[in-house]
Every structure is written in structure tokens, then in C-alpha cells.
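Have a look at the structure below before the remarks.
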Amino acid sequence: MSDCLFCKIAAGEIPSNKVYEDDTVLAFRDINPQAPTHILVIPKAHAADSAAQITAENSAVVAHCFEVIAKIAAQEGLDAGFRVITNAGAAAGQTVPHLHFHILAGADMAEKLL
Ligand code: AMP
Ligand code: ZN
């Protein structure tokens with residue numbers, strides 16, 4: 001999508017602090033980190049606006065995002081644990097309508113969901 005921030009980041013039109021990249025997925029550090037480690041994992045293609053639009057046709061990239069998340073967790077040494085969050089819709093706090101997964105680690109999140 002031409003006017004989508006994360007499509008522009010995926011295309012290299014807006015710079016990002018890259019952590020991982022392959023043909024279909026990009027991961028980069030969040031510009032406004034909410035934890036000592038805060039990484040965003042996105043499909044490069046605008047597969048969906050959010051988790052609300054995942055279907056049998058586009059879910060393969062979601063599985064791939066989670067393979068990438070496991071690789072990044074190992075690469076970043078997140079052995080003590082990490083959290084994966086995806087916000088879907090404004091009421092959930094989604095500000096960028098391009099499917100993405102937050103990896104958060106390094107803060108004490110034990111037993112708190114929010
Ligand atoms: P969400 O609120 O779930 O849609 O997440 C969007 C995330 O994108 C927020 O955590 C923002 O801090 C982050 N963000 C916005 N612009 C950029 C950018 N140019 N580079 C990296 N992260 C960004
Ligand atoms: Zn997009």
C-alpha cells in the first residue's frame with residue numbers, strides 16, 4: 001500500500017534499525033521502545049491490516065513471522081523470556097494498520113498481561 005508507513009519501511013523508503021530480513025519478513029527496532037528490547041516483526045507485503053484479517057489465504061506469513069521471532073529471540077539472547085503482542089484495531093492501541101508483531105523483553109512482565 002503506497003501510503004502505509006510499514007510498507008515504506010519494508011521498501012527501504014524510510015530507514016529502520018534492522019534486526020533481521022529475508023525475502024518475506026523484516027524485523028526492526030521500535031522507534032519508541034516500551035521495554036529494553038522492543039522489536040517489530042512485519043511481513044514485507046501488506047498481507048493484512050491486522051490480525052483481524054488473517055485467513056487461510058494469508059496465514060502462511062504469520063507462521064513464518066513466528067519462525068523469525070524464534071530466530072530473533074535466540075539471536076538477541078532472550079533466554080530469560082520474551083512477550084509477543086499484536087494489536088488489532090484502535091481500541092487495542094494499534095497505530096500502524098500493517099500486520100506486525102511486537103517482541104518485548106528485558107522488563108519484568110511476569111504474571112501481568114497488561
Ligand atoms: P501499534 O501501536 O501496535 O500499531 O505499533 C506500532 C509501533 O510502531 C509503535 O510501537 C511505534 O513506536 C512504532 N513505530 C512507529 N513509527 C516507527 C518507525 N519509523 N520506526 C520504528 N518503529 C516505529
Ligand atoms: Zn503496509
Side-chain angles (χ1 to χ4, degrees):
M1 279 171 73
S2 56
D3 204 27
C4 169
L5 174 65
F6 285 178
C7 282
K8 287 181 180 160
I9 288 178
E13 291 165 19
I14 292 175
S16 66
N17 189 347
K18 273 183 213 172
V19 171
Y20 174 93
E21 182 172 18
D22 64 25
D23 288 349
T24 56
V25 169
L26 176 69
F28 52 95
R29 296 197 190 276
D30 197 291
I31 205 166
N32 182 25
Q34 304 293 310
T37 298
H38 187 172
I39 294 165
L40 300 173
V41 179
I42 68 167
K44 285 183 170 178
H46 196 107
D49 289 353
S50 77
Q53 294 178 353
I54 302 306
T55 64
E57 279 66 47
N58 63 17
S59 61
V61 75
V62 176
H64 187 56
C65 282
F66 274 83
E67 291 172 28
V68 168
I69 287 166
K71 270 186 199 160
I72 291 170
Q75 183 181 303
E76 295 280 317
L78 307 182
D79 312 329
F82 62 93
R83 179 165 289 172
V84 178
I85 293 176
T86 193
N87 295 322
Q94 186 178 15
T95 57
V96 181
H98 175 130
L99 179 67
H100 56 279
F101 300 95
H102 299 255
I103 304 174
L104 296 157
D108 180 18
M109 298 177 283
E111 297 184 18
K112 292 182 303 207
L113 204 50
L114 295 171

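When a residue number appears, it is its place in the shown sequence, counting from 1. Start at 1 and go down the list; that is how both ligands and their atoms are numbered.
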Response to the item:
The protein heavy atom nearest to atom 21 (C) of ligand 1 is Ile31 N, 3.3 Å
Worksheet item: Are Gln34 and ligand 1 in contact, using a heavy-atom cut-off of under 4.0 Å?
Response: no
Worksheet entry | Interatomic distance, Lys71 atom NZ to Asp22 atom CG [nearest 0.5 angstrom] | 6.5 Å
Item to complete: Please lay out, stage by stage, how Lys18 and Leu26 fare under the test side chain to side chain contact (heavy atoms under 4.5 Å, CB included).
Response: CA-CA 7 Å; Lys18 273 183 213 172; Leu26 176 69; 3.6 Å; yes
Worksheet item: In the single-linkage hydrophobic clustering (I, L, V, M, F, W, Y; side-chain heavy atoms under 4.5 Å), do Ile103 and Leu40 co-cluster?
Response: no
Discussion item. Looking at ligand 1, is there an atom of it that comes within less than 4.0 Å of some heavy atom belonging to Gly93?
Written reply: yes
Item to complete: Give the residue, atom name and distance (to 0.1 Å) of the protein heavy atom nearest atom 5 (O) of ligand 1.
Response: His100 NE2, 3.0 Å
Fill in: CG-NE2 distance between Leu5 and His100, expressed to the nearest 0.5 angstrom
9.5 Å
Fill in: Where Val84 and Phe101 come nearest, the two heavy atoms and their spacing
CG1-CB, 4.1 Å
Response to the item:
Excluding waters, which are neither shown nor counted, protein N/O/S atoms under 2.8 Å from the Zn ion (ligand 2) come to 4
Worksheet item: Which part of Asn17 is near ligand 1, with near meaning a heavy atom under 4.0 Å away: side chain, backbone, both or neither?
Response: neither
Worksheet item: Considering distance alone, does some N or O of His102 sit under 3.5 Å from an N or O of ligand 1?
Response: yes
Fill in: Asn17 CG to Ile39 CD1 distance, which is reported to the nearest 0.5 Å
9.0 Å
Fill in: Subset of ligand 1 atoms that lie under 4.0 Å from at least one heavy atom of Asn32
12 (O)
Worksheet item: Are Ile72 and Val25 in one and the same hydrophobic cluster, where Ile, Leu, Val, Met, Phe, Trp and Tyr link if side-chain heavy atoms are under 4.5 Å apart?
Response: yes
Discussion item. What verdict does the side chain to side chain contact (heavy atoms under 4.5 Å, CB included) test give for Gln75 and Leu78, after you've listed the backbone C-alpha separation in whole Å, the side-chain angles of each residue and the deciding distance to 0.1 Å?
Written reply: CA-CA 8 Å; Gln75 183 181 303; Leu78 307 182; over 6 Å; no
Discussion item. Checking Leu99 against Asn58 for the side chain to side chain contact (heavy atoms under 4.5 Å, CB included) test, could you report, in this order, the C-alpha distance in whole Å, the side-chain angles of both residues, the deciding distance, and whether it holds?
Written reply: CA-CA 11 Å; Leu99 179 67; Asn58 63 17; over 6 Å; no
Worksheet, complete the sentence: Taken to the nearest 0.5 Å, the spacing of Ile9 CD1 from His98 NE2 works out to 9.5 Å
Worksheet entry | Min N/O separation Phe6 to ligand 1 under 3.5 Å | no
Discussion item. Using a 4.0 Å cutoff against the non-hydrogen atoms of Phe28, which atoms of ligand 1 qualify?
Written reply: 21 (C), 22 (N)
Practice prompt. For Arg29, counting its heavy atoms only, list the atoms of ligand 1 lying under 4.0 Å from any of them.
Written response: 21 (C)
Worksheet item: Hey, is Ile9 one of the residues with a heavy atom under 4.0 angstrom from ligand 1?
Response: yes
Worksheet, complete the sentence: Filtering Val96, Ile85, Asp30 for the heavy atom nearest atom 7 (C) of ligand 1 leaves Asp30
Item to complete: Check ligand 1 against Thr95 and write out every atom of the ligand that is under 4.0 Å from a heavy-atom position of the residue.
Response: 1 (P), 2 (O), 4 (O), 5 (O), 6 (C)
Practice prompt. Can you pull out the closest protein heavy atom to atom 16 (N) of ligand 1? Residue, atom name and distance to 0.1 Å, please.
Written response: Leu5 CD2, 3.4 Å
Worksheet entry | Arg83, His38, Gln34 screened by side-chain contact (heavy atoms from CB on, under 4.5 Å) with His102, the one that passes | His38
